[in-house]
Enquirer: 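Here it is, the structure, as structure tokens.
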Protein chains: 2
Amino acid sequence: MNQTYTISDLAREFDVTPRTIRYYEAEGLISPSRDGQRRIYTARDRARLSLVLRGKRLGFSLAEAKEIIDLYSAPQGEAFQLRTLLDKLDAKRALLEDKRRDLDAAISNMDRYAERCRERLRDLEDVNAEAAE
Amino acid sequence: MNQTYTISDLAREFDVTPRTIRYYEAEGLISPSRDGQRRIYTARDRARLSLVLRGKRLGFSLAEAKEIIDLYSAPQGEAFQLRTLLDKLDAKRALLEDKRRDLDAAISNMDRYAERCRERLRDLEDVNAEAAE
DNA sequence: TCACTAGTTTACGTTAACGTAAACGTCAAA
DNA sequence: TTTGACGTTTACGTTAACGTAAACTAGTGA
């Protein structure tokens, strides 16, 4: 439950360098605690790192990733805070949906093209079969 | 049908600078023809630019975008070429599917979190309603 | 003819996101 | 006790993807 990780634990698991993880800390994306001078990462730190890397894979800058991830750590004391949080979540969700539209278009585009290639390949093979008779 | 575009036509339409479009040409992503020294962009050039920008939005580097886009202009003469093309398309398609999994996870993650926020907000408002009686 | 608008090349500048190297601390095994 | 293995800070280096500025060309309306 209260498992912790060293910097190289996380570096290995997520296939990044320790430098990268320290850089994310300098940019305010992760805030590990310390044992003396050594960093100690909790499950929460690990989860945040995971979110950062996923954000990067989806084409977000570190600043954009931070904006999104920070929403998950936002205070939720009063109703007003909750409502503005929900508004912000909605805005970020719209960005993700935009990406999904792009992605779906890219995939179906590629699928249509591949299908045309397969048709053309069948035609070619038919011709070869005839020639072999 | 045979419509052409100037560099600033495309810059306006896709909300990038002419510099960006020239840079993509220098990187081999677009190859407009020329009228004297001025660039002339065809519908095909426009389509390639559109693909580049979509690739960027999805987190691909220009080099990765080029790899994908170039598949759409690959020669399809012989059956062997078509088969290797289909293999490459399949590999790129897998990359897109990876991104879709990431994206779907990000969205449903956010949805679950937002739902918890809404529940919490309802609870708060119930308490306020009781206190108002 | 002149000014304007839009295009061009060339080249140096900039920013995000790290890489890399140096110099140092610390702890366990040999 | 020394030698790795791992961690740290500091600081300069690097790359992709453009931005920016200068100096030039070519059509075009007043």
Side-chain angles (χ1 to χ4, degrees), chain A residues 3-42 45-46 48-70 92 95 99 102 106, chain B residues 3-42 45-46 48-70 92 95 99 102 106:
Chain A
Q3 187 172 359
T4 63
Y5 310 86
T6 70
I7 197 167
S8 49
D9 286 341
L10 295 185
R12 255 189 306 276
E13 178 177 358
F14 292 103
D15 196 31
V16 296
T17 68
R19 172 65 170 110
T20 296
I21 299 179
R22 290 195 199 99
Y23 181 75
Y24 292 169
E25 179 180 350
E27 295 296 301
L29 291 157
I30 321 175
S31 307
S33 49
R34 303 283 174 132
D35 168 24
Q37 135 141 313
R38 303 177 112 100
R39 281 163 248 256
I40 298 180
Y41 298 86
T42 67
D45 295 322
R46 199 195 102 145
R48 285 186 68 103
L49 175 58
S50 176
L51 287 178
V52 173
L53 295 174
R54 188 163 74 190
K56 286 221 68 191
R57 289 195 300 273
L58 293 175
F60 289 106
S61 70
L62 291 185
E64 290 168 327
K66 180 171 160 54
E67 278 188 41
I68 295 177
I69 296 170
D70 281 347
K92 298 303 181 188
L95 294 181
K99 273 186 203 292
D102 269 335
Chain B
Q3 188 173 359
T4 64
Y5 309 87
T6 70
I7 196 167
S8 50
D9 285 341
L10 295 185
R12 256 190 306 276
E13 177 176 358
F14 292 104
D15 196 29
V16 295
T17 68
R19 171 67 171 112
T20 296
I21 301 180
R22 291 194 199 101
Y23 181 74
Y24 292 169
E25 179 180 352
E27 294 296 302
L29 291 157
I30 322 176
S31 307
S33 50
R34 303 283 173 131
D35 169 23
Q37 104 156 335
R38 301 176 112 100
R39 280 162 248 256
I40 299 180
Y41 298 85
T42 66
D45 296 322
R46 198 194 103 147
R48 286 186 68 104
L49 175 58
S50 177
L51 286 178
V52 172
L53 295 175
R54 188 164 71 190
K56 287 222 66 193
R57 289 196 299 272
L58 293 174
F60 290 105
S61 69
L62 291 185
E64 291 168 327
K66 180 172 160 54
E67 278 190 42
I68 296 177
I69 296 170
D70 281 348
K92 298 304 181 187
L95 293 181
K99 272 185 203 292
D102 269 334

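Every chain is numbered from 1 and lettered A, B, ... according to where its sequence line falls, protein lines coming before strand lines.
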Enquirer: One pair to check against salt bridge (charged side-chain N to carboxylate O under 4.0 Å, His left out): Glu64(A) and Lys99(A). What are the steps and the verdict?
Expert: CA-CA 14 Å; Glu64(A) 290 168 327; Lys99(A) 273 186 203 292; over 6 Å; no

Enquirer: Phe14(B) CZ to dC18(D) P: how many Å, rounded?
Expert: 15 Å

Enquirer: Mind listing the N/O atom pairs, protein and nucleotides 13-17 of chain C, below 3.5 Å?
Expert:
{"unit_1": "dA17(C)", "atom_1": "OP1", "unit_2": "Leu62(A)", "atom_2": "N", "d": "2.9"}

Enquirer: Using whole Å, what does the distance between atom C1' of nucleotide dC18(D) and atom CD1 of Ile21(B) come to?
Expert: 13 Å

Enquirer: Output the single nucleotide from dT9(D), dG7(D), dT9(C) whose closest atom is nearest the side chain of Thr6(A).
Expert: dG7(D)

Enquirer: Can you tell me how far P of dC6(D) sits from CD1 of Ile40(A), to the nearest Å?
Expert: 17 Å

Enquirer: Counting heavy atoms from C-beta on, name the nucleotide in dG7(D), dT9(D), dG7(C) closest to the side chain of Ser8(A).
Expert: dG7(D)

Enquirer: Summarise protein proximity over nucleotides 22-28 of chain C in one line of letters, 5' to 3': B for base, S for sugar-phosphate only, - for none, counting protein heavy atoms closer than 4.0 Å.
Expert: ---B---

Enquirer: What is the distance from CZ of Arg22(A) to P of dA21(C), rounded to the nearest Å?
Expert: 15 Å

Enquirer: Rounded to the nearest angstrom, tell me the gap between atom CG in Asp9(A) and atom P in dA5(D).
Expert: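 Spelled out: CG on Asp9(A) to P on dA5(D) is 17 Å.
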
Enquirer: Find the distance Glu25(A):CD to dC18(C):C1' and express it as a whole number of Å.
Expert: 15 Å

Enquirer: Measure from the side-chain heavy atoms of Thr17(B) and tell me the nearest of dG19(D), dG7(C), dG19(C).
Expert: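 Of all the options, the side chain of Thr17(B) is nearest to dG19(D).
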
Enquirer: Do Asp70(B) side-chain atoms and Glu67(B) backbone N/O form a donor-acceptor pair below 3.5 Å?
Expert: no

Enquirer: OP1, OP2 of dT8(C) versus side-chain N and O of Arg39(B): anything below 4.0 Å?
Expert: yes

Enquirer: Side chains of Tyr24(B) and Asp45(B): does their closest heavy-atom pair fall under 4.5 Å?
Expert: no

Enquirer: Might you work through the side chain to side chain contact (heavy atoms under 4.5 Å, CB included) test for Leu62(B) and Tyr23(B), ending with a clear yes or no?
Expert: CA-CA 10 Å; Leu62(B) 291 185; Tyr23(B) 181 74; 3.5 Å; yes

Enquirer: Is it true that Asp9(B) and Arg12(B) have a side-chain N and a carboxylate O under 4.0 angstrom from each other?
Expert: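 Arg12(B) and Asp9(B): salt-bridged.
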
Enquirer: Is Glu13(B) close to Arg46(B) at the side-chain level, that is, under 4.5 Å between some pair of heavy atoms?
Expert: yes

Enquirer: Might you work through the side chain to side chain contact (heavy atoms under 4.5 Å, CB included) test for Tyr41(A) and Leu49(A), ending with a clear yes or no?
Expert: CA-CA 10 Å; Tyr41(A) 298 86; Leu49(A) 175 58; over 6 Å; no

Enquirer: Please determine which of Leu29(A), Ile68(A), Thr20(A) meets the side-chain contact (heavy atoms from CB on, under 4.5 Å) test together with Val52(A).
Expert: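 One option only clears the test, and that one is Leu29(A).
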
Enquirer: For Asp15(B) and dG19(D), what is the distance between atoms CG and C1' respectively, to the nearest whole Å?
Expert: 15 Å

Enquirer: Are Thr6(B) and Arg38(B) close enough that some pair of their side-chain heavy atoms sits under 4.5 Å apart?
Expert: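 Result no, sub-4.5 Å side-chain heavy-atom pair not found.
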
